[in-house]
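Below is one structure, written out as structure tokens; the observations come after it.
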Amino acid sequence: MIDKLPLGSDTALMVLTGAGISAESGIPTFRGDGGMWNGLPAELLASPEGFERDPGLVWRFYCERRANVKRSMPNAGHRALAKLQIEMGSRLLLATQNVDGLHFRAGSVKVVELHGNIFLTKCSNPNCFRKAVTDFEVYPKVPMCSECRNPLRPGVVWFGENLDKFMIHRIQDFIKDGKRRPFVFLAVGTQGAVEPASMMVRFAKAAGATTVLVNLEKADNEDAFDVVYHGKAGDILPAIL
Ligand code: BJW
């Protein structure tokens, strides 16, 4: 049985999405059936150590994904959230771990991209003054920085790297505000295996939120949710929102 989310006129809603919401757009998830890329673990392809070991392999991974994301379209799940943002305005905070930009393409205007964006490129040398730039290029070999001659890298957040502190503050403030009004936390298509995103449900719960999960399979942090729907985001989101 599927119930609508309890969204009154003063309710705040925080939504956290993960790879599963884009699966129905043809973008592979990281974990679970199929794995993301030739069965190689995310830690090997999405870490500074992995990049240092084999930047060519890491760029092939990201360029294949760039090409795939360019071909992909937002699905019913992305669209349902975009429509809800129009209705709820600033009472809805949409945060995503995805780097594919599909929430923006579905019409969501304010999206906190916790792990960056696949169409950003920056220098791998932290001391270089070259800024991150929007970049849709699919490179045949590792691109090099024109300023310092070090390899360029995708502008995403890898394991062991810190998330943008302004984004984290924005989420902390929104959750803190949840104590003053009815508050719902909704996670969609995420395994709950990667911190700090996987911890957000626990902070929201501590602030009094009703916590809801929509995920195809059992998530690692499922115990923190009051209501769980196992199924496809594209089927369930339009029904509960
Ligand atoms: C559907 C569906 C459908 C399918 N409908 N559902 C020990 C050692 C070292 C570090 C750590 C450690 N312990 C903890 C850490 C910290 C680490 C971490 O959490 N590691 C764990 C693996 C243990 N985290 C970090 O390092 C983070 N930074 C940090 O904590 O800074 C402080 C710090 C610094 C230094 C040391 C320690 C701490 C940064 C994490 C960055 C993660 N980056 C990636 C790559 C981003 C770029 C890219 O896209 O390439 O982010 S990894 C990858 O996982 C990606 C994802 O955003 C993220 C989460 O994955 P997600 O979205 O949950 O996807 P899946 O595939 O796991 O799940 C999909 C789900 O959807 C499945 O459950 C399906 O069932 C479901 N699904 N189809 C609905 N149609």
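Read the numbers this way: they start at 1 and go in the same order the structure lists the ligands and their atoms. Just so it is clear, the values below take in all heavy atoms, side chains as well, and ignore hydrogens, waters and symmetry mates.
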Under 3.5 Å, is there a donor-acceptor pair between the side chain of [X] and the main chain of [Y]?
X	Y	value
R65	I118	no
R149	M144	no
Q85	K110	yes
E137	T121	no
S22	I27	no
N221	S198	yes

Under 3.5 Å between any N/O of [X] and any N/O of ligand 1: does that happen in this structure?
X	value
K232	no
L216	yes
R31	yes
E43	no
V99	no
A233	yes
V194	no
F30	yes
Q97	yes

Do R153 and W158 form a cation-pi contact, if we require the NZ or CZ to be under 6.0 Å from the six-membered ring centre and within 45 degrees of the ring's axis?
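Output yes; distance and angle both within limits.
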
Taking the six-membered ring of F51 (Phe, Tyr or Trp), confirm whether the NZ or CZ of R60 is under 6.0 Å from its centre and within 45° of its axis.
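Checked: cation-pi criterion not met.
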
Sub-4.0 Å heavy-atom contact, R65 with ligand 1
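So R65 counts as touching ligand 1.
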
Tell me, please: is G231 in heavy-atom contact with ligand 1, that is, under 4.0 Å?
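Heavy atoms of G231 do come under 4.0 Å of ligand 1.
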
For ligand 1, note which part of [X] has a heavy atom under 4.0 Å away: side chain, backbone, both or neither.
X	answer
W158	backbone
A23	side chain
A193	backbone

Taking 4.0 angstrom as the limit and counting only heavy atoms of [X], give me the atoms of ligand 1 inside it, by number and element.
X	answer
E24	3 (C), 5 (N), 80 (N)
Y62	47 (C), 48 (C), 50 (O)
G18	62 (O)
G160	25 (C), 26 (O), 34 (C), 35 (C)

What closest approach, in Å, do I2 and A239 show between heavy atoms, and which atom pair accounts for it?
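Heavy-atom minimum between the residues: CG2-CB, 4.0 Å.
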
Grab the two heavy atoms, one from L45 and one from Y62, that are nearest each other, plus how far apart they are.
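Shortest heavy-atom contact: O-CE1, 3.7 Å.
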
Using a distance-only test with no angle check, is there a side-chain donor-acceptor pair under 3.5 angstrom linking H115 and E161?
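No.
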
Pick, from [options], the option with the minimum heavy-atom distance to [atom].
atom	options	result
atom 74 (C) of ligand 1	M199, E195, E217, E161	E217
atom 32 (C) of ligand 1	N117, I21, N162	N162
atom 46 (C) of ligand 1	T29, V156, N215, V157	V157

Does any non-hydrogen side-chain atom of P154 lie less than 4.5 Å from one of W59?
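SC-SC contact between W59 and P154 confirmed.
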
Heavy atoms from other residues, nucleotides or ligands near CZ of R202 exceed 12 (cutoff 6.0 Å)
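Yes, enclosed.
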
